[in-house]
Amino acid sequence: MSLAQGLLSMLGLQLALYGVGWACAAFYVPHHRRIVFDWLGFTLSSGLALGLLVVRGHVPDWLGRTGADLLLLLGFVSMWRGAQRFLLGRITQEPLQLLVLGAAAIVWFGEVHIDPDARVLCLLLALSWVALHCTWQGYSTMRKEFGARAALTLGITGCTVAGAFMAHALGAFWRVRPLEWAPGDSMHHGFPFLLMAAAALVNLGLGFQVFTRMVRQLEHLSRHDALTGLLNRGAFTTLLSTEWQRFQRKPQAFSVLALDVDHFKFVNDSHGHAVGDEVLANLGALLRRHARESDGVGRSGGEEFVLLLVDQNLLQAGQAAERLRAAVAECSWPLGLKMSVSVGVATALVGDASEAAVLRRADQALYAAKAQGRNRVVISGWPASVTAPGDQRA
């Protein structure tokens with residue numbers, strides 16, 4: 001076995017080991033399973049193609065040449081599809097179109113109109129296109145989600161692989177030698193090492209990014225309510241505590257709104273929990289739309305919600321609460337339901353012992369709003385509700 005064959009064998013073994021890793025990952029990342037299968041296809045197809053290159057001359061000619069080229073093309077297209085699913089959340093028709101056109105050209109020049117140089121050139125052009133286009137499509141998304149360093153690594157790797165393929169093609173024409181690699185030491189020894197480094201960066205980098213995304217998703221789930229996407233009770237309490245500490249350093253008003261859906265049990269009992277969940281999800285979206293970026297919006301449990309309004313005094317918070325109440329009353333709800341909310345408002349005071357005192361006053365104001373007939377805003381410390389339009393049963 002020549003040195004070039006040994007290096008290609010090592011590269012094939014490296015890809016096989018990455019394939020084992022992706023196969024194991026398929027059992028532990030169900031939300032990314034289709035992506036993992038695409039990348040598994042990349043490692044297995046590419047590894048098998050390299051194996052056929054090594055044993056070329058000991059297997060049927062069509063298998064060692066045309067078959068190996070088709071497997072390399074299939075592997076790169078599978079990697080491209082997986083990258084599209086992972087970074088873009090969808091796949092386009094381009095990978096399939098390139099696979100069909102590239103495979104047709106390879107078969108034509110390999111088996112019908114036999115021209116080894118044309119066949120290999122078609123393969124090199126297709127692989128270079130995949131490397132460059134995958135880099136181009138994924139760079140901005142990669143930079144936004146994983147940072148500039150990860151995006152730059154992807155860009156350099158893709159451009160380097162494409163450049164290596166094109167350099168091989170140009171070098172063959174420049175030196176007037178066949179494009180196709182033959183058993184022996186005709187291959188530049190740096191080429192397999194370059195591909196080994198690229199395979200390591202691509203597979204390990206993608207694996208790290210899958211892991212990073214999973215950790216972020218778990219962190220998000222630990223802080224957010226699954227139904228509405230709002231902060232859960234624990235995360236909202238942490239946010240409120242942080243704002244209280246800021247208030248202790250520099251007294252600057254902040255307010256808390258406690259909000260409860262009126263007659264929500266009637267919705268569940270009359271229309272089912274699926275409709276009730278839809279109402280809560282829609283209400284969560286409404287609250288997010290009306291909140292500022294600096295505000296905090298959470299679901300404290302059941303049909304109860306809480307809002308933290310930063311730099312809002314009692315009057316401003318009361319006005320914001322009234323806007324929310326009116327928006328809920330005017331909104332279109334599932335099955336044509338007429339929904340309303342009761343809101344309690346409280347603002348942090350210098351004499352408060354802790355943030356819990358602010359939240360407790362907001363809850364007491366909420367209970368007062370419900371006791372006064374629901375569908376209204378009550379501000380803690382004010383003698384009457386801001387609005388008293390009367391109870392509107394859902």
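None of these values were measured; they are calculated from a predicted model.
- In this structure, the side chain of H224 engages the main chain of H220 through a donor-acceptor pair within 3.5 Å.
- Checked by atom type and distance alone, the side chain of H290 pairs as donor or acceptor with a backbone atom of L286 at under 3.5 Å.
- Using a 4.5 Å heavy-atom threshold, the side chains of Q312 and F254 count as separate.
- Counting heavy atoms from C-beta on, the side chains of D363 and R360 never come closer than 4.5 Å.
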### Task
Please lay out, stage by stage, how N203 and W22 fare under the test side-chain hydrogen bond (donor to acceptor under 3.5 Å, both in side chains).
CA-CA 9 Å; N203 284 277; W22 288 122; 2.9 Å; yes

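- The two residues V310 and E243 make their nearest non-hydrogen contact at CG1-OE2, 3.9 Å.
- Between the Q245 side chain and the T242 main chain, no donor and acceptor come within less than 3.5 Å of each other.
- Annotation: F86 is in aromatic contact with W39 [ring centroid separation under 6.0 Å].
- Look at R213 and E145 and you find a salt bridge, because one of the NZ, NE, NH1 or NH2 atoms lies within 4.0 Å of a carboxylate O, short of that distance.
- If you run side chain to side chain contact (heavy atoms under 4.5 Å, CB included) between L287 and each of V306, T228, L259, only L259 comes through.
- Between N268 and G276 the shortest heavy-atom distance is OD1-CA, 3.5 Å.
- Under a hydrophobic clustering in which Ile, Leu, Val, Met, Phe, Trp and Tyr are joined whenever their side-chain heavy atoms come within less than 4.5 Å, directly or via other members, L231 and L283 fall into different clusters.
- With sequence neighbours left out, R292 forms a salt bridge (Lys or Arg N to Asp or Glu O under 4.0 Å) with D295.
- Taking every heavy atom of both residues into account, S340 and V328 meet most closely at CA-CG1, 4.0 Å.
- Listed by first and then second residue, the salt bridge (charged side-chain N to carboxylate O under 4.0 Å, His left out) pairs involving residues 223-238 are D225-R299 (not counting sequence neighbours).
- Residue C134 comes nearest to M79 through the heavy atom pair SG-SD, 4.1 Å, listed as atom of the first residue, atom of the second, then distance.
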### Message
Assess the residue pair T153 and T157 against the criterion (side chain to side chain contact (heavy atoms under 4.5 Å, CB included)); give the C-alpha distance rounded to whole Å, side-chain angles, the decisive distance to 0.1 Å, and a yes or no.
### Response
CA-CA 6 Å; T153 301; T157 302; 4.2 Å; yes

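- Separation of atoms OG (S255) and CG (L314) is listed at 6.0 Å; rounding is to 0.5 Å.
- Put simply, the side chain of S46 never gets that close to the backbone of T43: no donor and acceptor are under 3.5 Å apart.
- For the pair R85 and R90, the minimum side-chain heavy-atom distance is 4.5 Å or more.
- Linking ILVMFWY side-chain heavy atoms closer than 4.5 Å, directly or via other members, places F109 and L124 in two distinct hydrophobic clusters.
- The minimum heavy-atom distance between T347 and A253, with the atom names listed, is CG2-CB, 4.2 Å.
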### Task
Decide side chain to side chain contact (heavy atoms under 4.5 Å, CB included) for L52 and L63; before the verdict, give the C-alpha distance in whole Å, the side-chain angles of both, and the deciding distance to 0.1 Å.
CA-CA 7 Å; L52 291 175; L63 184 60; 3.9 Å; yes

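- Side-chain contact check for S342 and D262: at least one donor-acceptor pair (N or O, by modelled atom type) lies under 3.5 Å.
- Ring geometry for F211 versus F208: interplanar angle of 30 to 60°, hence tilted.
- Atoms CD and CE, on E330 and M339 in that order, are 15.0 Å from each other to the nearest 0.5 Å.
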### Task
Could you give me the CA-CA distance, side-chain angles and deciding distance for W108 and I114, then say whether side chain to side chain contact (heavy atoms under 4.5 Å, CB included) is met?
CA-CA 7 Å; W108 173 259; I114 300 176; over 6 Å; no

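- In this structure, the separation between OG on S45 and CG on L71 is 5.5 Å, given to the nearest 0.5 Å.
- R361 and D352 are joined by a salt bridge, as a carboxylate oxygen and a charged side-chain nitrogen come within less than 4.0 angstrom of each other.
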### Task
Report the C-alpha separation of Q137 and W80 in whole Å, then their side-chain angles, then the decisive distance to 0.1 Å, and conclude whether the side-chain hydrogen bond (donor to acceptor under 3.5 Å, both in side chains) test is met.
CA-CA 10 Å; Q137 280 190 332; W80 186 11; 3.1 Å; yes

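- Expressed to the nearest 0.5 Å, how far CD of Q14 lies from CG of L195 amounts to 9.5 Å.
- Residues F305 and L280 form a side-chain contact, since some pair of their non-hydrogen atoms from C-beta on lies under 4.5 Å apart.
- Looking at heavy atoms from C-beta onward, E355 lies out of side-chain contact with L359 at the 4.5 angstrom threshold.
- Rounded to the nearest 0.5 angstrom, Q84 CD and T141 OG1 are separated by 10.5 Å.
- Side chains of L50 and L15 form a contact here, defined as non-hydrogen atoms less than 4.5 Å apart.
- V256 has its side chain out of reach of L309: every pair of non-hydrogen atoms, C-beta onward, lies at least 4.5 Å apart.
- L337 has its side chain within reach of V267: a pair of non-hydrogen atoms, C-beta onward, lies under 4.5 Å apart.
- Although no hydrogens or angles enter the test, the distance criterion places no donor-acceptor pair under 3.5 Å between the side chain of S241 and the main chain of T238.
- Both L70 and V130 are assigned to one and the same hydrophobic cluster, defined by single-linkage of ILVMFWY side chains at heavy-atom distances under 4.5 Å.
- The CE atom of M214 sits 14.5 Å away from atom CD of Q209, with the distance rounded to the nearest 0.5 Å.
- A salt bridge links E322 with R325: the closest approach of a Lys/Arg side-chain nitrogen to an acidic carboxylate oxygen falls below 4.0 angstrom.
- Considering every non-hydrogen atom in both A317 and V345, the closest pair reads CB-CG1, 3.6 Å.
- In the hydrophobic clustering of ILVMFWY residues, with side-chain heavy atoms under 4.5 Å counting as a link, L127 and M196 come out together.
- A donor-acceptor pair under 3.5 Å is absent between the side-chain atoms of R33 and the main chain of V29, judged by distance alone.
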### Task
Kindly indicate, with the supporting measurements, whether the criterion ring-ring contact (aromatic ring centres under 6.0 Å, His included) is fulfilled by W244 and F247.
CA-CA 5 Å; W244 172 258; F247 178 75; 5.5 Å; yes

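- One hydrophobic cluster, built from ILVMFWY side chains closer than 4.5 Å, holds both V275 and F264.
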